[in-house]
Amino acid sequence: MNLPPLVTVIITTRNADPYLNDCLQSVAASTHTNLQIVVIDDGSTDTTSNIINDWAARETRIEAFHHQPLGRRAALEFAHNHAEGSAQCWIDADDIVHPRAIAECVAKLDDTHQLIYTYRRLIGPTGEFLRPDPKNKIGYKPLQILVDNMIFHLRLFTTELFAVSGGVGNLESAIDWDMNLRMTEHTQPKCIPQMLYDYRIHPNRMSNKPEQHPSGRTAVNQAIKRRKLNIELITNNTGWHIRKQTPPPKPKLP
């Protein structure tokens with residue numbers, strides 16, 4: 001009997017003790033059972049490390065690591081160095097993955113589609129349903145992803161794609177968007193139009209941090225340069241837009 005592919009689930013966390021139990025419970029309950037769950041405690045000062053150790057003691061698929069603060073990018077790189085699966089995904093420590101989500105994504109992987117993502121629900125601090133994420137309605141297009149990061153968690157990708165697209169990258173913020181931009185230059189992403197991931201809205205979530213926007217602009221401008229596009233990114237009070245670059249005026253002849 002052929003086993004389903006090994007999927008490495010990466011969870012980096014710092015001070016997430018109000019939410020981490022729910023997150024780990026959701027991953028452990030996945031119908032795709034061939035999992036390697038790599039959990040990085042990135043310098044927590046609350047009870048996060050105890051929660052991780054308790055889970056690792058009774059769940060053999062969990063590999064737990066504890067560090068002084070590394071920062072999210074370095075923590076992700078550390079986790080990927082321990083990844084053994086042929087496919088991988090990131091789960092935020094304050095979010096919840098639905099039981100069949102990973103299995104559904106694995107089933108859609110093929111040589112053309114090495115990046116699979118799903119719709120998601122927005123939930124509140126205590127897990128209450130708020131609404132579907134409005135970005136669910138934004139379909140992937142190569143130019144649209146320059147102004148809207150519609151490929152969010154849950155996002156599952158092959159280890160091969162992760163390597164060929166440059167891994168975690170070199171940005172300290174907007175890491176997901178930067179990686180999505182690089183990955184979509186090497187594969188055609190596929191969306192599963194089902195809400196298989198719960199994204200938690202609370203005041204301390206990473207997307208609220210002010211450094212996200214300048215890093216996002218850097219990621220997009222790097223993508224424009226890599227793709228050799230004759231466009232420029234415009235950010236203002238009405239949102240993010242791209243427009244065709246205007247060539248410089250020709251010098252007047254004497």
Side-chain angles (χ1 to χ4, degrees), residues 10-12 14 40 42 69-81 83 88-95 113-120 133-191 197 199 201 204-245:
I10 290 175
I11 302 170
T12 64
R14 181 186 296 171
I40 310 296
D42 186 26
L70 298 171
R72 185 164 184 259
R73 183 186 65 80
L76 286 167
E77 286 188 336
F78 180 91
H80 279 286
N81 286 337
Q88 305 178 30
C89 64
W90 300 351
I91 306 293
D92 287 343
D94 49 2
D95 295 340
H113 306 94
Q114 297 190 51
L115 173 60
I116 312 297
Y117 67 104
T118 77
Y119 287 178
R120 68 182 182 185
D133 193 313
K135 284 192 174 183
N136 292 343
K137 298 179 180 180
I138 303 175
Y140 169 77
K141 293 180 181 178
L143 291 182
Q144 191 66 39
I145 197 174
L146 296 172
V147 293
D148 285 303
N149 184 22
M150 77 292 291
I151 302 176
F152 33 64
H153 301 180
L154 178 67
R155 170 193 54 186
L156 185 138
F157 46 88
T158 66
T159 300
E160 176 186 3
L161 176 63
F162 177 78
V164 76
S165 62
V168 175
N170 56 14
L171 297 182
E172 297 295 336
S173 295
I175 297 171
D176 297 73
W177 197 354
D178 175 50
M179 195 166 82
N180 290 339
L181 288 163
R182 289 182 283 108
M183 283 186 170
T184 54
E185 292 163 12
H186 296 273
T187 194
Q188 175 68 30
K190 177 176 285 189
C191 176
Y197 191 85
Y199 179 75
I201 304 296
N204 296 322
R205 70 187 188 276
M206 190 169 297
S207 58
N208 281 351
K209 296 185 181 299
E211 59 267 27
Q212 288 286 100
H213 284 281
S215 291
R217 287 194 294 270
T218 298
V220 172
N221 282 321
Q222 288 177 347
I224 290 172
K225 184 176 180 180
R226 282 194 308 271
R227 301 175 189 200
K228 297 181 172 57
L229 299 173
N230 185 34
I231 59 176
E232 60 181 327
L233 175 67
I234 307 297
T235 60
N236 52 39
N237 292 335
T238 63
W240 294 43
H241 313 276
I242 53 175
R243 70 183 180 192
K244 188 174 182 180
Q245 287 184 327

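Note that this is a predicted model, so its numbers are computed, not measured.
Classification of the W90-H153 ring pair by plane angle, with boundaries at 30° and 60°, yields perpendicular. By the 30° and 60° cut-offs, the orientation of the rings of F162 relative to H80 is parallel.
Across T235, L233, N236, a single residue satisfies side-chain contact (heavy atoms from CB on, under 4.5 Å) together with H241, and that is N236. Residue D178 forms a side-chain contact (heavy atoms from CB on, under 4.5 Å) with just one option from V220, L171, T218, and that option is L171.
One distance of note links CG of L146 with CZ of R227; it measures 5.0 Å at 0.5 Å rounding. Separating the CD atom in Q114 from the CG atom in L161 is a distance of 5.5 Å, to the nearest 0.5 Å. How far CG of D148 is from OH of Y140: 13.0 Å, rounded to the nearest 0.5 Å. How far CD1 of I201 is from CG of D95: 8.5 Å, rounded to the nearest 0.5 Å. If you take CE on M179 and CZ on R182, they are separated by 7.0 Å, rounding to the nearest 0.5 Å. Note that the CD1 atom of I116 and the OG1 atom of T158 stand 9.5 Å from one another [nearest 0.5 Å].
Nearest heavy atom pair, residue Q188 against residue H113, reads O-CD2, 3.1 Å. Taking both residues in full, the closest heavy atoms of P189 and Y117 are given as CB-CE2, 4.2 Å, listed atom of the first, atom of the second, then distance. Here the closest heavy-atom approach between residue G169 and residue R73 is recorded as O-CD, 3.4 Å. Nearest heavy-atom pair across A174 and G216 is CB-N, 3.5 Å. Of all heavy-atom pairs between I40 and A79, the closest is CG1-CB, 3.8 Å.
Using modelled atom types and a 3.5 Å distance limit, the side chains of D176 and N149 yield no donor-acceptor pair.
No donor-acceptor pair closer than 3.5 Å links the side chain of T187 to the backbone N or O of T184. A donor-acceptor pair under 3.5 Å links the side-chain atoms of R14 to the main chain of D42, judged by distance alone. Side chain of N136 to main chain of R120: a donor-acceptor pair is present (N/O by atom type, distance under 3.5 Å, no hydrogens or angles).
Remark: E172 CD is packed, more than 12 non-hydrogen atoms of other residues, nucleotides or ligands lying under 6.0 Å away.
In summary, E232 and R243 engage in a salt bridge, as defined by a charged side-chain N under 4.0 Å from a carboxylate O.
Taking 4.5 Å as the limit, every side-chain heavy atom of Y199 sits out of range of all side-chain heavy atoms of L154. Taking the side chain as every heavy atom from C-beta outward, Y197 and D92 approach each other to under 4.5 Å.
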For L143 and L229, run side-chain contact (heavy atoms from CB on, under 4.5 Å): C-alpha distance rounded to whole Å, both residues' side-chain angles, the deciding distance at 0.1 Å, then the answer.
CA-CA 10 Å; L143 291 182; L229 299 173; 4.0 Å; yes

Which is it for Q212 and W177 under the side-chain contact (heavy atoms from CB on, under 4.5 Å) test, yes or no, and what are the steps along the way?
CA-CA 10 Å; Q212 288 286 100; W177 197 354; over 6 Å; no

